[in-house]
Amino acid sequence: MGYEFWYWNGIPGRGEFVRLALEAGGIPYRDCAREEAAGPSGLVADMIADRTHPPFAPPYLVADGMTIAQTANILLFLGARHGLAPADLSGRLWVNQIQLTIADMVAEAHDVHHPIASELYYEEQKTEARRRAEHFRGHRMPKFLGYFERVLTNDDGWVGAPRWTYADLSLYHLVDGLLYAFPKRMSTLAHHYPRVMALHERVSKLPELQAYLSSGRRLPWGDGVFRHYQELDAK
């Protein structure tokens, strides 16, 4: 049945970066926490099970007796094994570097609505969230998107290879999350980053992803890393 993949059921979150790679790569896997047999506590029970290299948190992948955690680490493994990254060392490190930079922006996007603590409800930190959102919209979004625009210089419009890599899929998901969480701000920023937006469109039309994107397995936006709060968005 392929790999065992574990992530919180019901939200795309960081696990979606891995799902996109598995789906586009045609790699067999089980989305274990979403299986009926797992139950609501299945992920936690598996995560704390006795194993040589336990994960700190999901997402994680169980493959060939290994437990591989952290999104970028999982994708580094899948990229090398399944041809979702360049074959040469320099290319693999470059794609991993882009993935890690994406992870930095994902963390900052999350911290917009939870700037004090993840354990607190958004309503308990709304004042701080407004201040964080203003800075994120005004400074961090242009800085990150400007960097991604600069590195998309490949003639085919991909991050670092003649064809798509897992980093391209992840950049698509990042932009998709920003469009959901900050639609007003993205409406004013998008035209400054035509290559980034073109990549988002190109990935959305990849033949390898169409079955997944049109299925019920593709979870809608809502709770999770990217959340839309009207008061945190502005042009």
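Predicted model only: the values in this text are computed from it and were never measured. Residue indices begin at 1 and follow the sequence shown.
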[X] versus [Y]: any side-chain heavy-atom pair under 4.5 Å?
X: L171; Y: V203; result: no
X: L179; Y: M197; result: yes
X: P59; Y: F5; result: yes
X: V44; Y: W8; result: yes
X: L43; Y: P58; result: yes
X: H228; Y: P183; result: yes
X: M105; Y: M141; result: yes
X: R34; Y: L219; result: yes

List the atom of [X], the atom of [Y], and the distance in Å for their closest heavy-atom pair.
X: N73; Y: A69; result: CB-O, 3.1 Å
X: I27; Y: A21; result: CD1-O, 4.1 Å
X: P86; Y: T165; result: CD-CG2, 4.0 Å
X: L178; Y: M186; result: O-CG, 3.6 Å
X: L20; Y: L169; result: O-CD1, 3.5 Å
X: L152; Y: W158; result: CD2-C, 3.8 Å

Following the transitive rule for hydrophobic clusters with a side-chain heavy-atom cut-off under 4.5 Å over Ile, Leu, Val, Met, Phe, Trp and Tyr, establish whether [X] and [Y] coincide in one cluster.
X: Y229; Y: L120; result: no
X: L93; Y: V159; result: no
X: L100; Y: V95; result: no

N/O donor-acceptor pair under 3.5 Å between [X] side chain and [Y] backbone:
X: H82; Y: G25; value: no
X: E149; Y: R195; value: yes
X: R132; Y: I116; value: no
X: Q99; Y: S170; value: no
X: R227; Y: G224; value: yes
X: R202; Y: G157; value: yes
X: D233; Y: K184; value: yes
X: H113; Y: V225; value: yes

Would you give the length of the straight line joining atom [atom1] of [X] to atom [atom2] of [Y], rounded to the nearest 0.5 angstrom?
X: E208; Y: L213; atom1: CD; atom2: CG; result: 11.0 Å
X: L206; Y: D168; atom1: CG; atom2: CG; result: 8.5 Å
X: L61; Y: Y29; atom1: CG; atom2: OH; result: 10.5 Å
X: Y212; Y: R217; atom1: OH; atom2: CZ; result: 7.0 Å
X: T101; Y: F148; atom1: OG1; atom2: CZ; result: 5.5 Å
X: L84; Y: Y166; atom1: CG; atom2: OH; result: 9.0 Å

Should Y60 and E4 be marked as a side chain to side chain donor-acceptor pair (under 3.5 Å) after you check the CA-CA gap, both sets of side-chain angles, and the distance that decides it? CA-CA 8 Å; Y60 61 94; E4 294 181 11; over 6 Å; no
side-chain contact (heavy atoms from CB on, under 4.5 Å) between W164 and L199: does it pass, once the steps are laid out? CA-CA 10 Å; W164 59 266; L199 179 137; over 6 Å; no
Could you tell me if the ring centre of F182 sits under 6.0 Å from that of F136? yes
Using 30° and 60° as the class boundaries, would you call the ring planes of F226 and W221 parallel, tilted or perpendicular? perpendicular
Under 30°, 30 to 60°, or over 60°: which ring-plane class applies to H110 and H114, parallel, tilted or perpendicular? parallel
Could you tell me whether E201 and K205 have a side-chain N and a carboxylate O separated by less than 4.0 Å? yes
Would R19 and E16 pass as an ion pair if we require N to O under 4.0 Å? yes
Within 6.0 Å of [atom1] in [X], more than 12 heavy atoms from elsewhere:
X: Q70; atom1: CD; result: no
X: Q210; atom1: CD; result: yes
X: E231; atom1: CD; result: yes

Donor-acceptor side-chain pairing of T188 and R185 below 3.5 angstrom: yes
Are D31 and Y7 linked by a side-chain donor-acceptor pair shorter than 3.5 Å? no
Step by step, would you call L174 with F144 a side-chain contact (heavy atoms from CB on, under 4.5 Å)? CA-CA 11 Å; L174 170 65; F144 276 107; over 6 Å; no
Going by ring-ring contact (aromatic ring centres under 6.0 Å, His included), name the pairs with one or both residues in residues 183-207, residues two or more places apart or in two chains. Y172-H200
Using the side-chain contact (heavy atoms from CB on, under 4.5 Å) rule, take W94 and L89 through it: C-alpha gap first, then chi angles, then the decisive distance, then the call. CA-CA 9 Å; W94 169 243; L89 177 61; over 6 Å; no
Take D46 and R51, measure what salt bridge (charged side-chain N to carboxylate O under 4.0 Å, His left out) needs, and give me the verdict at the end. CA-CA 10 Å; D46 188 83; R51 48 177 28 113; 3.4 Å; yes
Full working for salt bridge (charged side-chain N to carboxylate O under 4.0 Å, His left out) between R140 and D111: CA-CA 12 Å; R140 303 304 286 170; D111 289 349; over 6 Å; no
